[in-house]
There are 2 protein chains.
Amino acid sequence: MNNMKETIRSVSVELFFKKGYFATSISDIANGCGIQKASIYHHYASKEELLFSILKGTMDDLTDCLKASLAGSDDVEQQMRAAVRSHVRFHLERQKETFIANSELRGLTSEHHKIIVQKRNEYERIFQNLIHEGSEKGVFSRGDVKILSYAILTLCTAGATWFKPDGRLSIEEIAAIYDGFIISGLKQSV
Amino acid sequence: MNNMKETIRSVSVELFFKKGYFATSISDIANGCGIQKASIYHHYASKEELLFSILKGTMDDLTDCLKASLAGSDDVEQQMRAAVRSHVRFHLERQKETFIANSELRGLTSEHHKIIVQKRNEYERIFQNLIHEGSEKGVFSRGDVKILSYAILTLCTAGATWFKPDGRLSIEEIAAIYDGFIISGLKQSV
DNA sequence: AAAATTCTACCGACCGGACGTTAGGGAAAC
DNA sequence: GTTTCCCTAACGTCCGGTCGGTAGAATTTT
């Protein structure tokens with residue numbers, strides 16, 4: 001694929017992940033692509049738009065993944081397990097993008113910021129609904145839905161901070177650990 | 001206290017929290033202090049040193065807090081509960097500083113970065129030792145110590161991201177929720 | 001106790017450089 | 001022959017940091 005726009009995107013992801021959005025200059029990106037920095041502007045209107053397009057695409061894919069993972073079952077506990085695993089998998093498989101999506105929101109204009117936050121809220125609501133449904137049905141113990149959802153999500157999200165693809169544990173192993181940890185936390189048998 | 005150095009520090013914390021380290025200029029800080037930007041350099045050698053001094057102080061206080069909270073008991077489970085609560089409390093009470101400490105590491109020189117990471121590692125090791133001891137004694141079920149420690153820490157740390165001091169729940173209530181969630185996750189009765 | 005010196009805290013002006021972005025041109029593809 | 005894609009060159013702005021200086025408090029010398 002000789003698609004320069006795609007190259008710019010992936011080089012940006014790499015650099016934003018490694019050095020951060022503000023510390024990455026347009027020259028850095030152009031350099032990584034082997035072109036001049038002015039040429040970037042043929043594909044993206046601004047640095048901020050480049051960031052936004054990365055974040056938007058990532059958030060959309062994330063939500064799609066989650067929805068697909070829920071389709072397999074009607075059981076709340078099974079759905080929660082599937083959701084957690086989907087969440088973990090996505091964040092570790094696409095570690096760099098999700099890391100950026102969670103750390104570089106400040107680089108966005110306020111309109112773009114609003115759009116991303118809204119997408120994130122929709123995503124969170126799916127988890128909150130699962131928690132709510134689970135505690136209604138007595139599968140999970142009752143607790144503060146919002147706090148619990150934040151707990152679950154940030155727990156996995158943070159995985160993107162320290163995960164090393166060639167580390168001791170595979171993505172599936174980590175997903176299983178989190179799955180067990182979270183389900184037992186939700187059941188709160190203690 | 002008419003200490004300008006202290007004022008600069010607290011204004012910086014405020015701005016770094018609100019806008020981020022890179023998006024905050026020395027002029028912004030000086031403005032917030034009611035002085036000229038050149039005067040900042042009378043108190044701090046550079047912008048980076050200002051950031052470093054905030055992070056170092058925060059990390060030292062954090063570790064002190066944790067150690068103090070452990071002194072009260074010999075029981076592993078009670079110590080873990082105390083540790084979690086100390087961790088949560090600190091992160092919510094000093095939300096702005098801890099948020100910065102977890103998001104602005106990239107602003108540091110590599111030597112300063114190394115120092116902060118080392119402090120964080122020492123802090124984490126205390127939790128890892130507790131998990132290890134607990135699973136040795138059969139209080140907790142066996143699991144990957146590192147992953148579990150990351151899970152516990154990032155869970156609470158992330159609280160500093162969304163916590164609103166005047167929100168529905170008090171710090172103690174949130175600490176109690178996390179305490180229960182984590183302990184049951186560690187016991188893994190599921 | 002007065003004079004001389006040093007120190008503290010700050011200011012206004014400025015510098016070099018980096019950065020995001022734009023203008024305009026040229027070659028090649030369609 | 002128009003569109004696509006990338007180039008060279010430059011522009012304006014902002015930022016971290018420096019410099020020389022000043023007013024006054026504190027300290028030392030005489």
Side-chain angles (χ1 to χ4, degrees), chain A residues 1-56 100 103-113 115-116, chain B residues 1-56 100 103-113 115-116:
Chain A
M1 199 186 308
N2 217 355
N3 190 336
M4 182 54 73
K5 186 163 184 173
E6 195 46 49
T7 303
I8 294 172
R9 193 195 123 100
S10 71
V11 167
S12 299
V13 168
E14 214 69 34
L15 291 176
F16 291 168
F17 176 71
K18 188 161 53 172
K19 317 200 310 172
Y21 174 71
F22 287 107
T24 301
S25 69
I26 294 285
S27 312
D28 291 337
I29 298 169
N31 227 10
C33 298
I35 58 174
Q36 293 299 310
K37 65 176 179 173
S39 310
I40 303 270
Y41 290 87
H42 178 70
H43 302 279
Y44 293 95
S46 67
K47 188 186 176 187
E48 190 269 347
E49 202 213 78
L50 175 49
L51 176 64
F52 176 65
S53 95
I54 292 171
L55 298 198
K56 185 177 174 312
I100 297 168
S103 59
E104 302 292 6
L105 282 190
R106 282 207 269 233
L108 297 173
T109 63
S110 62
E111 302 87 53
H112 284 167
H113 183 94
I115 293 174
I116 298 295
Chain B
M1 201 185 307
N2 216 355
N3 190 336
M4 182 55 72
K5 185 163 186 174
E6 194 45 48
T7 303
I8 294 172
R9 194 196 123 100
S10 72
V11 167
S12 300
V13 167
E14 215 69 32
L15 291 176
F16 291 168
F17 177 71
K18 189 160 55 176
K19 317 202 307 173
Y21 174 71
F22 288 108
T24 301
S25 69
I26 293 286
S27 310
D28 291 336
I29 297 169
N31 228 10
C33 298
I35 58 174
Q36 292 298 312
K37 70 172 180 171
S39 311
I40 303 270
Y41 291 88
H42 178 69
H43 301 280
Y44 293 94
S46 68
K47 190 186 177 189
E48 189 268 347
E49 202 213 78
L50 176 50
L51 175 64
F52 176 64
S53 94
I54 292 172
L55 298 198
K56 185 177 175 309
I100 297 168
S103 59
E104 302 292 7
L105 281 192
R106 282 208 268 232
L108 297 173
T109 63
S110 62
E111 301 89 50
H112 284 166
H113 183 93
I115 293 173
I116 299 294

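Proteins come first, then strands; the chains are lettered A, B, ... in the order of their sequence lines, and each starts at number 1.
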Open item on the list: Going by ring pair (Phe, Tyr, Trp, His ring centres under 6.0 Å), name the residues that satisfy it together with Phe22(A), two or more places apart in sequence or in a different chain.
Closed with: none

TODO: Kindly write out the residues that satisfy side-chain hydrogen bond (donor to acceptor under 3.5 Å, both in side chains) with Asp28(B), not counting sequence neighbours, or none if the list is empty.
DONE: Lys19(B), Ser25(B)

Task: Residues forming a ring pair (Phe, Tyr, Trp, His ring centres under 6.0 Å) with His112(A), sequence neighbours excluded - done: Phe52(A)

- [ ] Check the distance between dC6(D)'s P and Lys5(A)'s NZ and give it to me in whole angstrom.
- [x] 12 Å

Side chains of residues 32-39 of chain A: which donor-acceptor partners sit under 3.5 Å, not counting sequence neighbours?
residue: Ser39(A); atom: OG; partner: Gln36(A); partner atom: O; Å: 3.3

Task: Atom-to-atom span, NE2 of His42(A) to P of dC5(D) - whole angstrom - done: 4 Å

- [ ] Just jot down the salt bridge (charged side-chain N to carboxylate O under 4.0 Å, His left out) partners of Glu14(A), sequence neighbours excluded, or say none.
- [x] Lys96(A)

Task: Residues forming a salt bridge (charged side-chain N to carboxylate O under 4.0 Å, His left out) with Lys56(A), sequence neighbours excluded - done: Asp60(A)

Task: Qualifying residues under salt bridge (charged side-chain N to carboxylate O under 4.0 Å, His left out), relative to Lys5(A), sequence neighbours excluded - done: none

TODO: List for me each residue that meets salt bridge (charged side-chain N to carboxylate O under 4.0 Å, His left out) alongside Lys18(B), sequence neighbours excluded, and say none if there are none.
DONE: none

Open item on the list: Tell me every residue that passes ring pair (Phe, Tyr, Trp, His ring centres under 6.0 Å) with Tyr41(B), counting only those two or more places apart in sequence or in another chain.
Closed with: none

Open item on the list: Taking any atom closer than 4.0 angstrom to a non-hydrogen atom of chain A, what span of DNA chain C does the protein reach, first nucleotide to last?
Closed with: dC19(C) to dA23(C)

Open item on the list: At 4.0 Å (heavy atoms only), tell me whether Gln36(B) reaches a base, stays on the sugar-phosphate, or touches nothing.
Closed with: sugar-phosphate

- [ ] Classify every nucleotide of nucleotides 12-22 of chain D by which part a protein heavy atom approaches to under 4.0 Å, writing B for the base, S for the sugar-phosphate alone and - for neither, in 5'-to-3' order.
- [x] ---SBBBB---

Open item on the list: Which residue in the set Leu108(B), Leu105(B), Thr24(B) passes side chain to side chain contact (heavy atoms under 4.5 Å, CB included) when paired with Leu51(B)?
Closed with: Leu108(B)

TODO: Could you identify which residues of residues 104-112 of chain A place a heavy atom less than 4.0 Å from some atom of DNA chain C, listed by residue number, or say none?
DONE: none

